[in-house]
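Comments concern the structure below.
Every chain is numbered from 1, with letters handed out A, B, ... down the list of sequences.
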Number of protein chains: 2
Amino acid sequence: MVTLAEVAQHAGVSASTVSYVLSGKRSISGATRQRVEQSIRELGYHPNAGARALASSKSNIIALMVPLRTDMYVPVMMEIAIAVATTARLHGYDVLLLTGEEGPDAVRRVTGSGLADAMILMDVELADERLPLLRGTDQPSVLIGLPADTTGLTCVDLDFGATGALCVEHLAKLGHQDIAVIGEAPAVYERHTGFAERTLDGLRSRARELGLRVLHRPCEGGYDAMTMTLARIFDERPGTTGFVVQNESAVEPLLALLRQQGRAVPEDVSVVAVCPDQVATQASVRLTSVAIPAQEMGRYAVEHLVAKLDGRGSDEVVLISPELTVRASTGPAPSAS
Amino acid sequence: MVTLAEVAQHAGVSASTVSYVLSGKRSISGATRQRVEQSIRELGYHPNAGARALASSKSNIIALMVPLRTDMYVPVMMEIAIAVATTARLHGYDVLLLTGEEGPDAVRRVTGSGLADAMILMDVELADERLPLLRGTDQPSVLIGLPADTTGLTCVDLDFGATGALCVEHLAKLGHQDIAVIGEAPAVYERHTGFAERTLDGLRSRARELGLRVLHRPCEGGYDAMTMTLARIFDERPGTTGFVVQNESAVEPLLALLRQQGRAVPEDVSVVAVCPDQVATQASVRLTSVAIPAQEMGRYAVEHLVAKLDGRGSDEVVLISPELTVRASTGPAPSAS
DNA sequence: AGAAAGTGTCGAAGCGCTTCGACAACCTAT
DNA sequence: ATAGGTTGTCGAAGCGCTTCGACACTTTCT
């Protein structure tokens, strides 16, 4: 292993000079800098991460806590994780992957050991146990998701309230009166992950303003669950013509079942999904959808963290405005045509 | 930040004693151990990761390199990543998430800086640029995937050759004569990621032995691509009754199109998929499939790495035997019934 | 011309931990 | 009782880096 001292010797300068060449924290003459850089290249020198962390008390690592369960929005999570890793590298940081499994202990461990300089938390629950710990440390953090109390925290998320409203507005404009909402799995609601409830709230209140009727049913993904859910919906509200789907793994089953029942999309019923664009464009009917801006959130989280670590930036809650893309799954309500 | 020295003082022992309590590398009397542990708890002590890494030249971090592109098997990757992170924690390691973006440089950086003690590489190409570097370092590594030359490397993967053979055997047993293989996107083949080719080879050679006809067509995911591909297949081989699908995002489109064309599954055509069980069970027809043992591979990779780091374990190539689960998408060939 | 300010470099201290050798204190076996 | 072995603890060195203050030298201003 090549050390700083060896580089220094090779270049005929002191160790501190090499260090300053590397960090740029003091001015170095062009000649010296070149000599040092040359030696670094020749010897194939890489600074030792541990020594660096010890001396500077900065690890240049950002911890990313992902949910353990893979029962929901897996592609979204992956996209965020990759955006985080890529953006972090751009700023000279590496990413430590933590699963939610350890819970609050992971936060303690990471902040206590100086393993990471900052944290990004995904899958935040409304009253998350990790939040008090984050507030009690001076280590910067960003939540992807929105807890009930955001004081002292920085959060990014899609504005799910507006998303719900946007979906219902679109359907209202097309003349639909009876809307069914295919929600996430019941477990998601029990866990009080905020986004599902926020979508629903936004959707309901806008529907009330517009005078639409809304029926909400949670739904596990897959065909069997969807079959049951759909049957119940048409049983209770036979006149349903608009669907809002928030569960990726319910999208395809819903389309298949509707088709099977002879209900044409979009002629008889319209479907709006909240899902990544990829899912929307690859479905059997190209779906009118509100995209989940996974990459944007990941990138923002890292950039905000880096700003904070540089002494810039402050706590804030950023809600990304939803954008609805009209595709082939929505059309005028049958009675309106 | 609480340090070892503070703990030592609080417990009335020397720093080295505390260190030995923590590591268990020397025997400590029960009384002392308890006093130290008590102090650790009271002060909320966490060893500093950087200092530890510097002094011991071990970071207790395993690097995981995931592919940057999210165009294929995303859920599989996520499952592996989570299994890796979880298993690693069980053994006292953390996981550093690297994207393939940096390529070979990432390997250099990580091994050079002592950031991680070991590496796991996913999405290995047949002649991967990173392999020479791995062979040239004494840092343990495990590949998930199988390159062309495995000398001096440890690899885990599903036995894709056997997987292909297994699929075709199953269809042969049911009397199918004409098999179509819906492969991965052309890009996957161009990239020479081994698994796609190995599946095909295994499948073809077994088909030859059994006297079946095989038509292979790569296919991007999604409906549009699938429509084209399927049209070509029935155009060239109208008698096709058996399908093997290796592209997750082609599964649902295929089923929908077959249905649409009035070809019943499994009465008219049979479909075997190579995909995670979750995809197989949630599809519109419960799919006969060979599972991709994502968790098992992730777990194995970590455990092998830990063994190597402990001085046990050696280089080896582990090919996991495929298991075919019969579900509702395969049945006797029409002419055979 | 001399003081003040800036430049470029170095030496040394120290970050918090691990680990080695040393050494008391205590057992055993002769 | 004494040599030899254990056992439990300590002190000190050192891992490779950053960073502070010091210092020589050059430039600029009055």
Distance-minimising heavy-atom pair for A/Val7 and A/Val36
CG1-O, 4.4 Å
Counting distance alone, no hydrogens or angles: does the base of C/dG21 have a donor or acceptor under 3.5 Å from a partner atom on the side chain of B/Arg26?
yes
Separation of C/dT19 C1' from B/Ile28 CD1 (nearest whole Å)
13 Å
Identify, residue by residue, the members of residues 1-20 of chain A with a heavy atom below 4.0 Å from DNA chain D, and return them in order of residue number, or none.
A/Thr3, A/Leu4, A/Ser16, A/Ser19, A/Tyr20
Rounded interatomic separation in angstrom, taking CG from A/Asn60 and C1' from D/dC17:
13 Å
Provide, to the nearest angstrom, the distance between the NZ atom belonging to A/Lys58 and the C1' atom belonging to D/dC17.
14 Å
For B/Leu22 and C/dC17, what is the distance between atoms CG and P respectively, to the nearest whole Å?
9 Å
Contact summary for B/Ile82 and A/Pro67, nearest pair of heavy atoms
CD1-O, 3.7 Å
Check this one for me: any side-chain N or O of A/Ser29 less than 4.0 Å away from OP1 or OP2 of C/dT9?
yes
Applying salt bridge (charged side-chain N to carboxylate O under 4.0 Å, His left out), which residue pairs with at least one partner in residues 129-143 of chain B are found, sequence neighbours left out?
B/Asp128-B/Arg130, B/Arg135-B/Asp149
Given axes from five pairs at either end, by how many degrees does the helix from C/dA1-D/dT30 to C/dC26-D/dG5 bend, rounded to 10°?
40°
Distance-only donor-acceptor check, side chains A/Ser19 and A/Ser16, under 3.5 Å:
no
One pair to check against salt bridge (charged side-chain N to carboxylate O under 4.0 Å, His left out): A/Arg89 and B/Glu101. What are the steps and the verdict?
CA-CA 10 Å; A/Arg89 282 304 309 145; B/Glu101 193 184 26; over 6 Å; no
Quick one: which of D/dT19, D/dC17, C/dG8 gets closest to the side chain of A/Ser56?
D/dT19
Name the residue from A/His10, A/Gln34, A/Gln9, A/Glu6 that meets the side-chain hydrogen bond (donor to acceptor under 3.5 Å, both in side chains) definition with A/Ser39.
A/His10
What is the distance, to the nearest angstrom, from the CZ atom on B/Arg35 to the P atom on D/dC10?
8 Å
Nearest 0.5 angstrom please: B/Arg33 CZ to B/Gln38 CD, how far?
14.5 Å
Report which part of the nucleic acid A/Leu54 touches: base, sugar-phosphate, or nothing (heavy-atom distance under 4.0 Å, all strands).
base
Contact under 4.0 Å: B/Lys25 side-chain N or O vs C/dT18 OP1/OP2
no
Looking at D/dT18, I'd like to know if its phosphate oxygens (OP1 or OP2) sit under 4.0 Å from a side-chain N or O belonging to A/Ser57.
no
Check the distance between C/dG14's C1' and B/Asn48's CG and give it to me in whole angstrom.
13 Å
If I take atom CG from residue B/Asp117 and atom CG from residue B/Leu309, how far apart are they, to the nearest 0.5 angstrom?
6.0 Å
What are the two closest non-hydrogen atoms of A/Ala63 and A/Val110, and how far apart are they?
CB-CG1, 4.3 Å
